[in-house]
Structure formats: C-alpha cells, structure tokens
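The next block holds one structure in the form of structure tokens; read it before the comments.
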Amino acid sequence: MKKKMKVVLMSTVIATSGVFIIPGQVLEPTTVLAAPGQSEAAHDQKVIAPISEKRMYADVYHLSETIGPRVTGTEEEREAASFIRNRLQSYGYEVEVQEFRIPDKMIGHLQTSAGDEVLINIPAGSASTASEGLTAQLYDAGLGYANDFTAESAGKIALISRGDFTFQEKVENAYAAGAVGVLIYNNIESPGPLNPSIGEASIPVGGISKASGEALIADVVRNDGTVTLKVDALTDVKSQNIIATRAPKKGNNHEILHVSAHFDSVPFAPGANDNASGTAVTLELARVLKSYPIDKEIRFVFAGAEEIGLVGSRYYASQLTEDEISRSIGNFNMDMVGTSWENATAIYMNTVDGKANIVSETALATAERIGTPSELVLYQRGSSDHVAFHEVGIPAVNFIRREPGTANLEPYYHTPLDTIEHISTERLKEAGDLVGASVYQLIRK
Ligand code: BES
Ligand code: ZN
C-alpha cells in the first residue's frame with residue numbers, strides 16, 4: 001500500500017534542515033524528482049517512494065511458504081538461490097554464483113515399529129548407521145546419569161532427557177553402559193526437535209522434542225516396541241552465495257558498499273523472518289537502486305550457509321582481494337527485519353565491537369531525516385553475516401528487530417512457527433526505507 005505523504009500546510013515557504021516545503025502542495029512520493037543540488041529529502045524519496053511492500057511480502061511468501069525451509073546444502077537452499085539469481089538478472093544485474101563446499105552433514109530418520117515418523121536432528125559428530133538403519137528397543141535412561149543405566153540398557157537405544165549436565169556426558173554414559181544409540185529429548189516445549197551439540201560420538205545420536213520423547217516412553221518403551229534410527233553422512237555438500245554488482249560507468253577504482261542478507265534457514269523452520277525478510281528487502285533495494293546514477297560500486301550479497309556458522313559470508317569475504325577490501329566502505333546486513341511480534345518495536349544495529357561506525361551513523365542520520373517510526377539501538381552482537389565483513393576490516397552493521405531493553409527476539413525464532421503469518425509488511429517497508437535511503441546517501445552521484 002502506498003502512503004500519501006501529506007505535507008504540513010504553512011503560510012510561507014519554510015526551510016527546515018534543508019527540506020523546502022511549498023505551501024498547499026501535497027507531495028506524492030512517486031512524483032518527487034531530485035536533481036543535483038536538490039534537498040536530501042527529495043533524494044530519500046527517490047528510493048523510498050518506489051519501495052513496494054507488496055513485492056517484498058510476496059517474496060517472503062515465495063521463499064518461506066512455496067519453497068519452505070532452506071537448510072544449507074539442500075535442494076531448497078539451491079532453489080532459493082536460483083530464484084534470487086533469476087530475479088536479479090531480470091533487473092539487469094551482472095550476477096555471480098559463488099559456490100563453496102560445506103562440512104559434511106548428518107541426516108537422520110526415526111520411525112517407530114508402529115510406523116510413526118519422529119522428527120529428529122542429528123548433530124555433527126554423531127556416528128552413522130548401516131544403510132538399513134539401526135532397529136532396537138528403547139531404554140528410558142532418565143537424565144542419563146551413569147547410575148541411570150543397568151545391564152538392561154546394553155544393545156538398546158538410550159532415551160535421555162535434556163538437563164543437569166552436557167549432552168556429551170549423557171552420550172558417554174550411554175556408550176559406557178553398552179547402548180547402541182542415543183536419543184535426547186528436550187525438557188522444554190518446542191515446536192521443532194532438539195538440536196544437541198556434541199563432540200565425537202562412537203554411536204549414533206539424535207535430538208527430538210519433549211513431546212516426541214514423552215510419546216516414545218508412553219508408546220514404545222512401555223510396550224517393548226522398537227524404533228529404527230537411520231543416520232547418514234552427506235559428503236561433498238555445496239552451498240552458494242549470489243552476488244549482484246553494479247559499478248559506475250567510468251573508472252575501476254571505486255569505493256564499494258556491500259548490502260547483504262542470508263537466505264538459508266535452520267531445519268524445520270520456514271525462515272520467513274530469519275531470513276526471507278532480509279532477503280526480500282535486499283532484493284527490493286537492488287530493484288529500486290538499479291536506475292539511479294551512482295558514484296560508488298554497490299554489491300548485493302545473498303549469502304548461503306549462514307545458519308551453520310556464517311560459512312557463506314566468510315567465504316565471500318575470503319574471496320575479496322586486498323584491494324577490494326581497502327576500497328570497501330561498509331556493509332549493511334539485514335537479518336530478521338520483518339517480524340510482526342508486537343514487542344519487537346526497536347531496530348537494533350548490532351556491531352561486533354558495540355561501537356558506532358559509518359554504517360550505523362549513516363542509518364541514524366537517515367532515520368532522523370525520514371522519521372523512521374522505530375527506535376534505533378546500537379548494540380554489541382555477532383551471530384550474523386556482518387561478522388564476516390568485520391573480520392576483514394569492513395565497517396559492518398546487522399539490522400535486526402528486537403524488544404527494546406531486553407533485546408529479546410520473537411518467540412518464533414528458529415522454530416516451525418517462523419512463518420508468513422508473523423511477518424509485518426509495514427516493518428519490511430520500514431527496514432527498506434531506512435537501509436535504502438542510507439545506502440543511496442552513500443553511493444549516489
Ligand atoms: N538470524 C539470526 C541472527 C541473530 C543475530 C540471532 C543475533 C541471534 C542474535 C542468525 O541467523 C542466527 O541464528 N545465528 C546463530 C549463530 C550463527 C553463527 C550460526 C545464532 O545466533 O544462534
Ligand atoms: Zn538468520
């Protein structure tokens with residue numbers, strides 16, 4: 001929905017902070033044209049007016065609902081990458097597909113003898129099973145203390161509750177007692193299966209939800225049933241970054257600005273906010289900024305493999321030459337900018353060192369100029385792709401919506417509830433306006 005920008009009517013022409021307002025005139029954003037030397041506000045409007053919240057919402061829908069979870073290295077992540085590439089090419093960009101290898105992945109399946117499928121996460125470090133899987137009875141080992149095991153646990157798959165001590169110790173206790181596999185269930189409600197992290201294990205290990213653990217105790221342990229656990233290692237898995245570049249026509253020594261967002265998600269999460277939101281906003285900025293003259297190079301970087309530890313963005317940064325790094329002036333990273341969770345009223349600007357930089361300062365000044373409704377908070381935090389830029393010396397900010405004061409993320413984060421239902425078009429637009437006008441401020445002629 002396009003908002004008409006009503007300008008206050010005054011009896012004389014007023015000039016406040018460089019914004020000239022002509023009495024009686026209602027400015028329609030799409031009609032604002034900025035010539036060189038015109039006001040900052042007019043320049044802002046050149047970017048803000050054409051940003052379409054409908055298009056961004058449709059792109060979040062496509063990525064999260066049509067494609068769904070886009071787990072690193074899967075067909076769905078690849079499908080998202082080609083969607084992004086096609087779109088950027090349709091806008092007229094030169095697009096680079098940057099492929100890279102990711103660490104081997106463990107894939108698991110769990111089925112009861114009654115034929116019920118149980119959602120399971122397999123940690124890196126788990127052993128694999130034979131291709132037909134491991135079929136065994138379950139042993140209810142409580143919290144998995146050494147003395148929770150008896151002679152009866154030998155040859156069975158230990159079912160252990162999360163809590164009290166580490167996943168690794170639970171696995172070691174089960175192995176010492178002769179268990180042939182371990183299933184760890186959550187001790188708090190969660191819509192997806194537990195993601196236990198362990199070191200190396202000699203037996204297969206998986207994580208399941210609290211509800212699944214309790215159901216297995218009631219339906220399988222009590223009835224002496226069995227389960228079949230299959231764990232496979234996927235080797236030689238690839239992911240990719242998609243990069244659209246636009247440089248000024250003349251010269252080859254321009255400063256470079258990187259605008260980034262990751263498009264992969266965690267398992268079982270449609271990743272509407274994390275991070276179809278940032279992806280959709282970045283795509284829209286690529287569309288809008290395509291037509292204006294620039295005097296710096298701009299790169300739109302869509303990173304894969306963020307959720308397994310910033311692998312895509314670190315690969316991108318590792319491929320930059322010394323010269324490109326020295327010409328890089330900043331990175332605007334958007335990750336989780338579209339949640340409708342009502343408490344997330346602030347836009348946090350996360351920097352790795354907690355200090356302001358050219359990106360955060362530019363955004364702050366832009367927010368004042370354009371009247372961004374949300375409070376902006378400078379905060380020290382890594383955990384997203386801005387870290388990879390920071391590590392090679394490029395000033396970087398991660399823009400992310402949080403609850404002011406607590407810095408809490410929405411409750412749907414990394415769960416199957418991270419869906420289109422919890423996306424706000426107004427907030428997508430707010431992020432697009434803020435980052436788009438800031439970027440344009442830095443790159444325009
Ligand atoms: N979208 C989140 C961003 C984020 C930033 C979450 C700051 C929490 C705090 C990101 O995709 C994510 O989940 N990051 C991981 C770490 C990453 C290195 C795998 C996280 O914070 O658990
Ligand atoms: Zn994310």
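All heavy atoms count here, side chains included; hydrogens, waters and symmetry mates do not. Order of appearance sets the numbers: ligands from 1, and atoms from 1 within every ligand. All residue numbers in this chain count up from 1 along the given sequence.
Applying the salt bridge (charged side-chain N to carboxylate O under 4.0 Å, His left out) test to every pair with at least one member in residues 171-191, sequence neighbours left out, gives these pairs: E189-K210. Residue pairs that meet the salt bridge (charged side-chain N to carboxylate O under 4.0 Å, His left out) test with at least one member in residues 397-419, sequence neighbours left out, are R401-E430.
The neighbour count for E368 CD, taken as heavy atoms of other residues, nucleotides or ligands under 6.0 Å away, does not exceed 12.
By the side chain to side chain contact (heavy atoms under 4.5 Å, CB included) test, V392 pairs with A317, I325, I394, sequence neighbours left out.
A salt bridge links R444 with E40; the closest basic N to acidic carboxylate O contact falls under 4.0 Å. With respect to the salt-bridge test (charged N to carboxylate O, under 4.0 angstrom), the residues K429 and E426 do not qualify.
Residues of the protein with a heavy atom under 4.0 Å from ligand 1 are H262, D274, E306, E307, G309, L310, D335, M336, R381, G382, S383, I400, R402, L409, Y413, H414, listed by chain and number.
In this structure, F83 has its ring center no closer than 6.0 Å to that of F263.
Inclusion of D274 in the first shell of the Zn ion (ligand 2) is supported: an N, O or S atom falls under 2.8 Å.
Distances from the Zn ion (ligand 2) to each N, O or S atom of H262 single out NE2 as the nearest.
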